[in-house]
Amino acid sequence: MKRRDLLSGSTSVAVATALGSALRTMGQRSIEPRSGRVPIIDITDLYQPFQDPGDNLDLVYAFAFPQVDLRAVILDVTGAFRLPLANAPHMWHDPNGPREPGIVPVTQLNYIFDRQVPYAVGPFSAMKTAEDKMLDVPTFQQSGIRLLLETLDRSDQPVEILSFGSTRTIAAAFNRNPGLMRRKVARIHISAGTATTNFELGPLQDQNEMPGGEWNVALDPWAFIRLLQSDLPIALYPCATKDGAFSYGPHNTYWKFQDLGFITRLDPGLRNYVIYALARMNRPDFLACLDGELSVDAASDRITHPHHVWETAIWLNVTRQKLVAGTGNDFSVVPVSYETADRRVIRNSLVPCDVKVRNDGRFSFQATDRRTNFLIFQRDDPAEYEAASRQAFAALWTSFSLL
């Protein structure tokens, strides 16, 4: 199975307060950033050159959204995909290596946005058990776990953790210091898994099946199981349905751009960053070239073809924004506090649920009215959701400024 086909405005304290009130109504933990900006740790399986170009584009949101107070970036790396030919069991043997942790794209984003966001690298190997603290991995590979715990410890308010890859670093950090994680984690937003409702999950039939039935779970099944068996506040954003990662359902987040033509209209520095990534460049002047003008032709094969997306549902919720339909056939992203009496909201919700997880990483859920630490993504019409996202997020990208 291939990996996913390999292919505005600032938020006010009033907005955060409104979301906190909504979560209290559902019996969830209230999350109210004191500064009006949401403190975030972004964990991403971003490589250089890319394995999935969506990872390079997704990290831009962490830097570009004015609502985000990005505290740290942690690079989630799996050793098998650093090889010329990947050899991870039960997963696609990706022949497009070698590649290394995405230190170059993180540095480029720090450069073009004039930031100094710290980053570190997580363990290259999977957890051996659900209780594994990963104390035996090389010191370099422990830096991501340390940065996560240090960032939480320094924070004077709970922090949102966003996971776009395996949950290895988060699970190991929880095993090392569960008390700190319980005190300082506002919520863990996990982009992973297959949406199976009403506890309909049957017994494991095929021992050769991809663990968890989905790429991000398969990267480290024990890490995913550890978090789903924990009492931490967790929001689940399944990537797949039972029919796969490119299918559409009410609880998975997948949609796709028909093309990436809007890239030609981006701020010059940001446009260069995207072209550098999509063209799989490995230039030694990876910062200086962003100040010039990279040719769009270098990435034309990626720009003119469909682009698969799983991550934007998380960003809407974390930044307290919503998709709305206008009076015509137009869609946009606005703050949750924005008055929309004359505009229809496209659902991008989190609903309370109970969760059961199997020992191969497969999970199922059931909606509940009782108090729970789990939320799961829900949308109504996936086709309308996709149409709204295509238009609204293309407009968002062209509004991002480096000034």
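In this structure, NE2 on H93 lies 6.0 Å from CG on N87, to the nearest 0.5 angstrom. Rounded to the nearest 0.5 Å, atoms CD1 (I161) and NE2 (H189) are 9.5 Å apart. Here L260 contributes atom CG and I275 contributes atom CD1; the two are 11.5 Å apart, rounded to the nearest 0.5 Å. Interatomic distance, CG of N252 versus CH2 of W310, reported as 10.0 Å (0.5 Å rounding). Here the CZ atom belonging to R99 is positioned 10.0 Å from the CG atom belonging to L83, to the nearest 0.5 angstrom. Put simply, CZ on R182 and CG on D231 are 4.0 Å apart, with the number rounded to the nearest 0.5 Å.
In this pair, Y61 and F65 present their aromatic rings parallel. The plane angle is below 30°, not in the 30 to 60° band. Y254 and F246 have perpendicular rings, their planes meeting at more than 60° on a 0 to 90° scale where under 30° would count as parallel.
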Item to check | Evaluation steps, side-chain hydrogen bond (donor to acceptor under 3.5 Å, both in side chains), between R362 and T196 | outcome: CA-CA 9 Å; R362 284 270 190 174; T196 306; 4.8 Å; no
Item to check | Steps toward side chain to side chain contact (heavy atoms under 4.5 Å, CB included) verdict (M134, Q142) | outcome: CA-CA 8 Å; M134 307 207 80; Q142 296 199 35; over 6 Å; no
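For D285, the CG atom counts as densely surrounded, since its 6.0 Å shell holds more than 12 non-hydrogen atoms of other residues, nucleotides or ligands. Surrounding CD of E293 are at most 12 heavy atoms belonging to other residues, nucleotides or ligands under 6.0 Å away.
Looking at V296 and I263, their side chains never come closer than 4.5 Å, going by heavy atoms from C-beta outward. At a threshold of 4.5 Å between non-hydrogen side-chain atoms, the residues N56 and Y273 count as touching. For the pair Q67 and R37, the minimum side-chain heavy-atom distance is 4.5 Å or more. In this structure the side chain of D259 never reaches within 4.5 angstrom of the side chain of T304, judged on heavy atoms. Using a 4.5 Å heavy-atom cutoff, the side chains of V104 and Y276 are in contact. V68 is not listed as a side-chain neighbour of V38, based on a closest heavy-atom distance of 4.5 Å or more. A heavy-atom distance below 4.5 Å is found between the side chains of H90 and P211.
With sequence neighbours excluded, the residues that form a salt bridge (charged side-chain N to carboxylate O under 4.0 Å, His left out) with R347 are D380. Checked against salt bridge (charged side-chain N to carboxylate O under 4.0 Å, His left out), D301 has no partners two or more places apart in sequence or in another chain. Partners of R390 according to the salt bridge (charged side-chain N to carboxylate O under 4.0 Å, His left out) rule, which considers only residues two or more places apart in sequence or in another chain, are E386.
In this structure, R168 contributes its side chain and S125 its backbone to a donor-acceptor pair below 3.5 Å.
When each of T78, N216, D76, D220 is paired with S166, the side chain to side chain donor-acceptor pair (under 3.5 Å) condition holds for D76 and for no other. The only member of L152, T151, L149 that meets side-chain contact (heavy atoms from CB on, under 4.5 Å) when paired with K184 is L152. Partner of R226 under the side chain to side chain donor-acceptor pair (under 3.5 Å) criterion, chosen from D132, T129, T167, N175: N175.
Side-chain polar atoms of Q391 and D330 form no donor-acceptor pair below 3.5 angstrom. Side chains of N110 and Y119: no donor on one and acceptor on the other come within 3.5 Å.
A cation-pi contact, defined as under 6.0 Å to the ring centre and within 45° of the axis, links R280 to F50.
Contact between M127 and A172 at its shortest, heavy atoms only, is SD-N, 4.4 Å. Annotation for N272 and L290: closest pair ND2-O, 2.9 Å, computed over non-hydrogen atoms. Across all non-hydrogen atoms, the minimal contact from F374 to S230 is CZ-O, 4.2 Å. Closest heavy-atom contact between P39 and P158: CG-O, 3.4 Å.
Salt-bridge formation is not detected for the pair D153/R146: no Lys NZ or Arg NE/NH1/NH2 atom is positioned less than 4.0 Å from an Asp or Glu carboxylate oxygen. Looking at D354 and K356, no side-chain N of the basic residue comes within less than 4.0 Å of a carboxylate O on the acidic one, giving no salt bridge.
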